[in-house]
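Let me begin by presenting the structure, written as structure tokens, before commenting on it.
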Amino acid sequence: MARTEKTATTSKSPRKRSEAPALGPWGMLRWIWTQLTSMPTALFLLLLLAIAAVPGSIFPQRRVNPEMVTEYLELNPVSGPWVDRFHLFDVYSSPWFSAIYLLLFISLIGCIVPRIKKHAKALRTPPPRTPARLDRLPQYTALDFDTAAGEVPQDAQIIETTRKILKRRGYRVEARLDAATPSVAAERGYLREIGNLVFHISLVGVLASMGIGGAFGYNGQRVIVEGETFVNSLVSYDSFSPGTSFNAENLVPYSVTLDKFEIVFDRDSETHFGQPLDFTANVTTRRSPGAEPEAEQIKVNYPLRINGADVYLVGNGYAPVVTVRDGDGNVAFSGPVVSVPQDAVYTSVMVAKVPDAAPQQLGFQGFLLPTAVLDENNFGVSADPNAVNPQLHLNAYAGDLGIDEGVPQNVYVLDTSKMTEVNSRTLDAGGIILEAGQTYELPDNLGSITFEDLKRYIAIDINSDPGKLPIAIFSGLALLGLAVSLFTPRRRVWVKLRNTGGNTGIEFALLARGEDPRLENEARELRNIFDKTWPLAQDEEKQGEIRED
């Protein structure tokens with residue numbers, strides 16, 4: 001007989017999962033705000049801002065040095081456009097850097113405001129209630145009064161005296177006479193949280209000041225030749241980088257005239273002979289159109305501070321004064337031409353463009369040699385940075401300078417693609433070599449060039465940052481708040497009357513909120529003060545000792 005087995009199967013209904021209620025739009029916004037205004041998020045954004053600023057020190061910044069940005073793009077035709085596309089040449093004004101900056105700003109404010117409210121409430125809250133067992137706290141002392149030495153003060157007098165003692169030591173005190181056992185509760189260290197809040201508020205102030213400086217500040221460059229005057233107006237700048245909210249009408253008028261530029265060179269050392277030791281630009285300033293002229297100086301790392309702007313000395317060189325006459329004998333150009341130093345002896349590249357010459361436009365490029373000598377190959381070189389024997393070694397070109405086409409050109413580069421070389425070492429006419437006071441007649445009656453004089457020039461960087469002073473103030477406040485936060489202890493003290501076995505006395509205990517290595521010293525100080533205030537029993541069996549757990 002076949003045995004039939006039945007398998008019993010039990011079916012269990014699937015457990016019903018509890019689903020969280022949907023947040024909804026308003027709940028989602030509250031969750032995002034909670035996450036954004038948390039302290040970990042603020043710290044993460046601060047770290048992210050520091051990392052985001054790193055490319056600004058790796059890649060040249062267009063606002064500071066547009067020439068280096070142009071050079072980078074020319075030398076890196078593949079990666080350069082991608083670097084520019086991600087705003088790495090304009091890091092501090094890029095959308096992604098601004099987004100981190102604004103999020104950090106909002107996060108800090110969102111962290112600070114609730115803490116201010118909480119601390120304001122804590123300042124109005126009385127110290128915590130007196131524990132029933134003070135002997136369980138880390139710093140505990142029990143003291144008995146010496147009844148034989150005199151009359152023991154009343155309970156109310158003891159409490160009031162204790163309150164005054166703790167008040168003088170900087171505690172916020174509350175006397176509790178209506179309790180079953182009269183006591184005094186005291187707490188100090190609220191300044192610690194105030195210092196912490198000052199630190200974080202100062203960080204917000206620094207960020208806001210940086211934003212103000214970036215929005216309303218400006219930076220510009222100008223080359224000034226000896227005898228020339230710079231006037232603080234837009235047309236006077238060689239290059240100018242305004243802030244995002246800059247208004248040209250806010251430029252404060254002032255003028256700076258370069259009277260003389262002096263360089264002190266090393267003449268004593270054999271290894272560093274000829275190296276510059278000191279640069280001094282003697283200038284005359286007028287701080288307003290009707291102001292009296294003032295004689296001042298600009299040195300490296302010692303800028304001229306005038307009307308909220310800092311004028312820095314960032315470069316210098318020679319500017320030969322030349323006069324160019326065209327083929328008709330008319331003066332087509334006369335004035336100083338800025339040359340760019342190339343080495344330690346101030347061998348300088350010079351480019352002069354004469355678009356008003358007739359019948360053809362003229363161009364000159366070559367070198368200025370402050371102290372010209374001949375090397376072993378009969379080439380002119382400079383032997384000293386001082387202008388002992390200045391010479392101009394130039395090539396001349398005639399034709400179209402390309403200026404009339406409206407395409408911007410570098411003033412220190414001569415475009416010879418549409419010009420004909422009329423003077424050089426490779427031509428029969430030879431190159432142009434001029435000493436001060438000499439004139440050279442160009443071939444084919446194209447005109448002449450005269451080396452009139454040699455002057456010095458300085459390159460200045462003018463920076464106006466209205467957020468700089470607030471940044472300094474907020475930075476100082478941040479350091480002060482941080483110091484207060486780190487070195488202010490948070491302590492609580494309770495003093496309670498005791499009456500056991502007919503011996504009247506007091507007991508007190510201290511508790512630190514956080515690490516406080518000086519808590520034991522505070523307990524000893526209070527013990528000494530109480531000893532001087534009331535007659536205390538000196539019997540070791542009756543006299544309580546400070547106990548440190």
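Values below: every heavy atom of this structure, side chains too, minus hydrogens, waters and symmetry copies. Not measured: the values here are computed from a predicted model.
Nearest heavy-atom pair across L177 and A156 is CD2-CA, 4.1 Å. Minimum heavy-atom separation, P128 to R176: O-NH1, 3.0 Å. Closest of all the heavy-atom pairs between V484 and L191 is CG1-O, 3.3 Å. Of all the heavy atoms in A52 and F97, the pair that sits closest is CB-CD1, 3.8 Å. Taking every heavy atom of both residues into account, P466 and I212 meet most closely at CG-O, 4.1 Å. Between E174 and P127, the shortest heavy-atom contact is CB-CD, 3.9 Å.
The aromatic rings of Y72 and F59 lie perpendicular to each other, with more than 60° between the two planes, well past the 30° mark. Classified by interplanar angle (parallel below 30°, tilted 30° to 60°, perpendicular above 60°), the ring pair F246/F240 is tilted.
A donor-acceptor contact closer than 3.5 angstrom is absent between the side chains of Y171 and E187. The closest side-chain donor-acceptor pair between K299 and T280 falls under 3.5 angstrom. For T130 and S183, the side-chain atoms include at least one donor-acceptor pair closer than 3.5 Å.
Put simply, CG on L166 and CZ on F508 are 9.5 Å apart, with the number rounded to the nearest 0.5 Å. Rounding to the nearest 0.5 Å places CG of L108 at 6.0 Å from CG of L203. Within the model, atoms CD1 of I100 and CG of L46 stand 11.0 Å from one another, a figure rounded to the nearest 0.5 Å. I263 CD1 to N316 CG: the interatomic distance, rounded to the nearest 0.5 Å, is 4.0 Å. Atoms OG and CD1, from S107 and I112 in turn, are 9.5 Å apart once rounded to the nearest 0.5 Å. Atom CD of E262 sits about 12.5 Å away from atom CZ of F279, to the nearest 0.5 Å.
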Inset, instruction - Report the C-alpha separation of T284 and E296 in whole Å, then their side-chain angles, then the decisive distance to 0.1 Å, and conclude whether the side chain to side chain contact (heavy atoms under 4.5 Å, CB included) test is met. - result: CA-CA 6 Å; T284 299; E296 301 188 61; over 6 Å; no
Inset, instruction - Evaluate the criterion side chain to side chain contact (heavy atoms under 4.5 Å, CB included) for residue pair T533 and D531; output intermediate values, then yes/no. - result: CA-CA 6 Å; T533 304; D531 191 26; over 6 Å; no
Inset, instruction - Show your reasoning for whether side chain to side chain contact (heavy atoms under 4.5 Å, CB included) applies to L73 and F89. - result: CA-CA 10 Å; L73 291 172; F89 296 132; 3.7 Å; yes
Legend entry - Step-by-step side chain to side chain contact (heavy atoms under 4.5 Å, CB included) determination, R169 to L526: CA-CA 10 Å; R169 295 188 66 81; L526 289 176; 3.7 Å; yes
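Contact annotation: the side chain of V204 approaches that of I109 to within less than 4.5 Å [non-hydrogen atoms, C-beta and beyond]. At least one side-chain heavy atom of I471 sits less than 4.5 Å from a side-chain heavy atom of M210. At least one side-chain heavy atom of Y237 sits under 4.5 Å from a side-chain heavy atom of I462. Side chains of L123 and Y190 form a contact here, defined as non-hydrogen atoms less than 4.5 Å apart. Looking at heavy atoms from C-beta onward, I506 lies in side-chain contact with W534 at the 4.5 angstrom threshold. The closest side-chain heavy-atom distance from I165 to F530 is below 4.5 Å. Put simply, the side chain of R192 does not reach to within 4.5 Å of the side chain of F487, judged on heavy atoms. The shortest side-chain heavy-atom distance between V300 and Y302 does not fall under the 4.5 Å cut-off.
The side-chain hydrogen bond (donor to acceptor under 3.5 Å, both in side chains) search around H87 returns none, not counting sequence neighbours. Residues meeting the side-chain hydrogen bond (donor to acceptor under 3.5 Å, both in side chains) test with D84, sequence neighbours left out: R62. For R286, there are no side-chain hydrogen bond (donor to acceptor under 3.5 Å, both in side chains) partners two or more places apart in sequence or in a different chain.
When R492, R491, R527 are each tested for a salt bridge (Lys or Arg N to Asp or Glu O under 4.0 Å) with E522, only one passes: R491. Among the candidates V223, V283, N282, the single residue satisfying the side chain to side chain contact (heavy atoms under 4.5 Å, CB included) test with L258 is V283.
Within the 3.5 Å criterion, the main-chain N or O of P131 finds a donor-acceptor partner in the side chain of K496. Side-chain atoms of W96 never come within 3.5 Å of backbone atoms of V91 as a donor-acceptor pair (strictly under, hydrogens ignored). The backbone N or O of D268 lies less than 3.5 Å from a partner atom in the side chain of D266, making a donor-acceptor pair. Side-chain atoms of Q61 come within 3.5 Å of backbone N or O of L88 as a donor-acceptor pair. A donor-acceptor distance shorter than 3.5 angstrom exists from the side chain of D465 to the backbone of G467, with no hydrogens or angles considered. Side chain of S57 to main chain of V54: a donor-acceptor pair is present (N/O by atom type, distance under 3.5 Å, no hydrogens or angles). In this structure, the side chain of E160 does not engage the main chain of Q157 through any donor-acceptor pair within 3.5 Å. In this structure a side-chain-to-backbone donor-acceptor pair under 3.5 Å is missing from S236 to F230. Distance alone, capped at 3.5 Å, is enough to place a donor-acceptor pair between the N232 side chain and the V252 backbone. Between the side chain of D516 and the main chain of A512, no donor-acceptor pair closer than 3.5 Å is present.
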For a quick test of your reading: what N or O donor-acceptor pairs under 3.5 Å do the side chains of residues 34-43 make, sequence neighbours left out?
{"unit_1": "T34", "atom_1": "OG1", "unit_2": "R30", "atom_2": "O", "d": "2.8"}
{"unit_1": "T37", "atom_1": "OG1", "unit_2": "W33", "atom_2": "O", "d": "2.7"}
{"unit_1": "S38", "atom_1": "OG", "unit_2": "Q35", "atom_2": "O", "d": "2.8"}
{"unit_1": "S38", "atom_1": "OG", "unit_2": "T41", "atom_2": "OG1", "d": "2.8"}
{"unit_1": "T41", "atom_1": "OG1", "unit_2": "Q35", "atom_2": "O", "d": "2.6"}

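Ion pairing between R490 and E515 fails under the 4.0 Å rule for side-chain N and carboxylate O.
Within the structure, the side-chain hydrogen bond (donor to acceptor under 3.5 Å, both in side chains) test picks out the following pairs touching residues 202-220 (sequence neighbours left out): N219-Q221, N219-D461. For residues 93-119, the pairs satisfying salt bridge (Lys or Arg N to Asp or Glu O under 4.0 Å) are R115-E193, with sequence neighbours left out.
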